[in-house]
Amino acid sequence: MTYKHKSKPGVTCTVIDASDGYVIYQYVHDGLVVTNKAWVDDFLEEWEAV
């Protein structure tokens, strides 16, 4: 599923896994693919579904 960053226009991410209260997601930053892991609540504070 694709999400967009709430405060950075044009920045989107793709959730690749979600389990045990964590979300693992990827986005492009400065031309590089970044994989990150965050608590679901923290993730949803920064990202919203497209």
Side-chain angles (χ1 to χ4, degrees):
M1 186 166 193
T2 302
Y3 289 80
K4 64 180 180 177
H5 200 279
K6 291 181 179 179
S7 63
K8 298 177 184 172
V11 177
T12 61
C13 76
T14 302
V15 172
I16 56 174
D17 191 23
S19 61
D20 299 326
Y22 283 102
V23 175
I24 298 173
Y25 60 99
Q26 290 183 328
Y27 62 97
V28 176
H29 179 73
D30 291 337
L32 300 173
V33 176
V34 177
T35 302
N36 205 356
K37 180 178 180 179
W39 286 107
V40 171
D41 291 344
D42 294 340
F43 176 80
L44 293 174
E45 284 181 16
E46 292 187 40
W47 302 89
E48 62 188 354
V50 174

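Predicted model only: the values in this text are computed from it and were never measured. Quick note: residue numbers are just sequence positions, from 1.
- A continuous path of ILVMFWY side-chain contacts below 4.5 Å connects L44 to V11, so both sit in one hydrophobic cluster.
- Residues Y3 and W39 are members of separate hydrophobic clusters, defined by side-chain heavy-atom contacts under 4.5 angstrom among Ile, Leu, Val, Met, Phe, Trp and Tyr.
- Relative orientation of the Y27 and Y25 rings is parallel, given thresholds of 30° and 60° on the angle between their planes.
- Crowding of H5 atom NE2: a count of heavy atoms from other residues, nucleotides or ligands under 6.0 Å exceeding 12.
- Put simply, the side chain of F43 reaches to within 4.5 Å of the side chain of V15, judged on heavy atoms.
- Grouping the Ile, Leu, Val, Met, Phe, Trp and Tyr side chains by contacts below 4.5 angstrom, directly or via other members, places V34 with M1.
- K6 NZ: more than 12 foreign heavy atoms inside a 6.0 Å radius.
- Considering CD of Q26 and CG of D17, their distance stands at 11.0 Å, rounded to 0.5 Å.
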